[in-house]
Asker: 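Please find one structure pasted underneath; my questions will follow.
So you know, we letter chains A, B, ... as the sequences are listed, proteins then strands, and number each from 1. We use all heavy atoms of the structure for the numbers below, so side chains are in, but hydrogens, waters and symmetry mates are not. Just so we're clear, the structure is a prediction, and the values are computed from it rather than from any experiment.
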Number of protein chains: 2
Amino acid sequence: MIVKLREDAGTILTQALQAVMPEQAVRRALTQSFTRSSGQLIMIAAGKAAGRMAQAAYELLGNQINSGLIISKYGHLPRAIGPFTCIEAGHPVPDENSFEAARQALALVRPLGEADQVIFLLSGGASSLFEWPLIPAAELQAITKQLLRSAASIVEINCLRKRFSKVKGGRFAAACAPAAVFTVVLSDIIGDPLDMIASGPTTADRSTSAQAAAIAAKYQLKLSAAARACLAAETPKKLERVQTVVTGSVKTLCLAAAAACRQLGYETFILTDHLDCQAREAGRFLADIAQTHAGKGRRLAFIAGGETVVHLTGQGKGGRNQELALAAAAGLPSGCAVFSLGSDGTDGPTDAAGAYVDSDSLAALIRAGFDPYLVLEANNAYPALQAIDSLIMTGPTGTNVNDVAVLLTDQ
Amino acid sequence: MIVKLREDAGTILTQALQAVMPEQAVRRALTQSFTRSSGQLIMIAAGKAAGRMAQAAYELLGNQINSGLIISKYGHLPRAIGPFTCIEAGHPVPDENSFEAARQALALVRPLGEADQVIFLLSGGASSLFEWPLIPAAELQAITKQLLRSAASIVEINCLRKRFSKVKGGRFAAACAPAAVFTVVLSDIIGDPLDMIASGPTTADRSTSAQAAAIAAKYQLKLSAAARACLAAETPKKLERVQTVVTGSVKTLCLAAAAACRQLGYETFILTDHLDCQAREAGRFLADIAQTHAGKGRRLAFIAGGETVVHLTGQGKGGRNQELALAAAAGLPSGCAVFSLGSDGTDGPTDAAGAYVDSDSLAALIRAGFDPYLVLEANNAYPALQAIDSLIMTGPTGTNVNDVAVLLTDQ
């Protein structure tokens, strides 16, 4: 029974990951939602998955793309993708190459006319890889530091950051006008807030200059005259002819996992695709669900996607998906399994994607000398899960759409 | 819409509480599962709800009960219940009256023959209220202290505790033999582990003397010769003619809440009746579920029963149900409500049973000057929820079968 659960888990995670691979996501978006017009077609790809997204678009559209620019992290691009310019740049801190990338992208789209189109392929990391600051980088860093020290929220920080950029907060799309923009998003933020993903280069900005001024006053920020002028300049509030398709996201990941579960005969429930609580408590909640529903003659699957958090109380080796699974293992009744993994294939600072545990895991942990409670307190899930052969190793997957956790119950 | 949700919440919690009142629980058990035999009938009621359970049994069986003994906390019993002896005793620490109660109960049941019956009405607190230690109380306390200092688990502590008692660990039922025993349990422990509730006076004990010896060795306990002899004496491993019905428990509470939700037209899911994670993380998990399912045209109800825990980080006023609701409030999308309450009507050291929050609560909290995150860090949910009229006040309900939390989503 347990062997079957482990086999099923492998099938489910393989199919779920497949659905959020950059190639699949781009193909889905372009074939289902994109209509070619008569003019020129420019492709810009920015983010950690830019290379694979661009390759997929090129395979589909070929010579229809008149020119293109692909921007990713250092070491993340192949020697060449079609005839396109490739730039590798700084992440998580933008560098000169990030600025050069934004300059070249703007140069490509500025001459475009009404019949022309821009395909923008966006993935996590683009906010740093593709940037043109309106104030010196050193000043921008100093302001960010002031904000972080004042415990400003991420929404407040973003409200200001967009105003110090020539491409964020919808400004890149404004620069494309009057050409049409088709943006394909591989989302790494729960709930897909388009104005947050890469700071929304092609999304109308909902924040205002008045809010920016209020934030600067609230935290008594020290700002140069140039920086003050940036805050006063309004971001685009309405963008004509921009179409955005979120095709790879944690929602896609959950739906694909659910489809795989149903194919295998499980009655399937997506609990949430917004999971954001503590990893170990999420694991415990899943075990609590198992306690109630396992062994009642139904094969059930419960799916929770999102990104949990870990409160560090120790200095061990592990990741949020490993902690979730380990905490679940401590409370699973018989005939159940829980697995949890990061879609990027790396959970925390480890080479595991996540972990699979089942009703036998707790006894195995104890036999191997591990007390789950102490292991969690030490944030040291990796060696414990490794000892009982519970780590999921996929290697880097080339995508990043958060995590998914699945509880399976056998009859 | 929000007004309707609040009204529905009131209906659901009223019906759920009704189902776990001691009277209802006893009536259900006696009418559905109890068969009177030809001999004598003795009634013993022990626990915080003993008075109300005994009253209900008396109303149903009247003079069929030949004699009875009712044991509860000080101030918890009416002047008289039928012709029965009432004893009030110590809780949470047993006192002379606890010992006297056990002595009288044993005296009542010892002479019984095969045709006779004992009805045992058990509720939370009975472990302390009804006790006959086999070693001096001072020594028992000293041993318990040693165990607590060694961080022994509750299972380990109970394994020893049963052996130092003349009534725990199935020994009371053994004393009733050859009479038949019918035990009605109002359970205050998640999962209804019968050997844990009141230390299982009528439940065969699964722990062994060998385990007890190992625990004593593990923690290097200092024990008198008498105490060592207790550990060596085996507890009953098999009890003939004992029938136990758990009729009031968190499961009953969840099922009743679910029935009420369905009556009101909600598609209803019982997530778990084993909830035991951190209160605020459970609230966040429910809000995460709401984020995914609210506003999709379905009226849904998700139910989670159990007993969450609170990690104290501040010194404010609140309780686990209030923390759960407050944490949920911080993440609820529009058209949703979450409420959580303790079935005993007192949440933590407060006069509230719990709290009701909905999609409007976060804005109301902020207007009233409360930041939910800071309030939770201070464990000070009560004043914040009081300020926005979110506390649920039922007064003491007279029962205790843990807590229930419900998420409602409107269309």
Asker: Most heavy-atom pairs under 4.5 angstrom with chain B, which of A:Ile289, A:Asp276, A:Asp273?
Answerer: A:Asp276

Asker: So A:Thr272 and B:Thr292, side chain to side chain donor-acceptor pair (under 3.5 Å) or not? Walk me through it.
Answerer: CA-CA 5 Å; A:Thr272 181; B:Thr292 298; 3.2 Å; yes

Asker: So, B:Asn379 and B:Glu323: side-chain donor and acceptor under 3.5 Å apart, yes or no?
Answerer: yes

Asker: Can you name the nearest heavy-atom pair linking B:His293 to A:Ile270, along with the distance?
Answerer: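 Looks like NE2-O, 2.7 Å.
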
Asker: Can B:Glu307 and B:Arg320 be counted as an ion pair, charged N to O under 4.0 angstrom?
Answerer: yes

Asker: Out of B:Cys277, B:Gly305, B:Ala327, return the one with the most heavy atom pairs under 4.5 angstrom to chain A.
Answerer: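 Max contact count across the listed options: B:Cys277.
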
Asker: Side chain, backbone, both or neither: which part of A:Phe302 has a heavy atom under 4.5 Å from chain B?
Answerer: neither

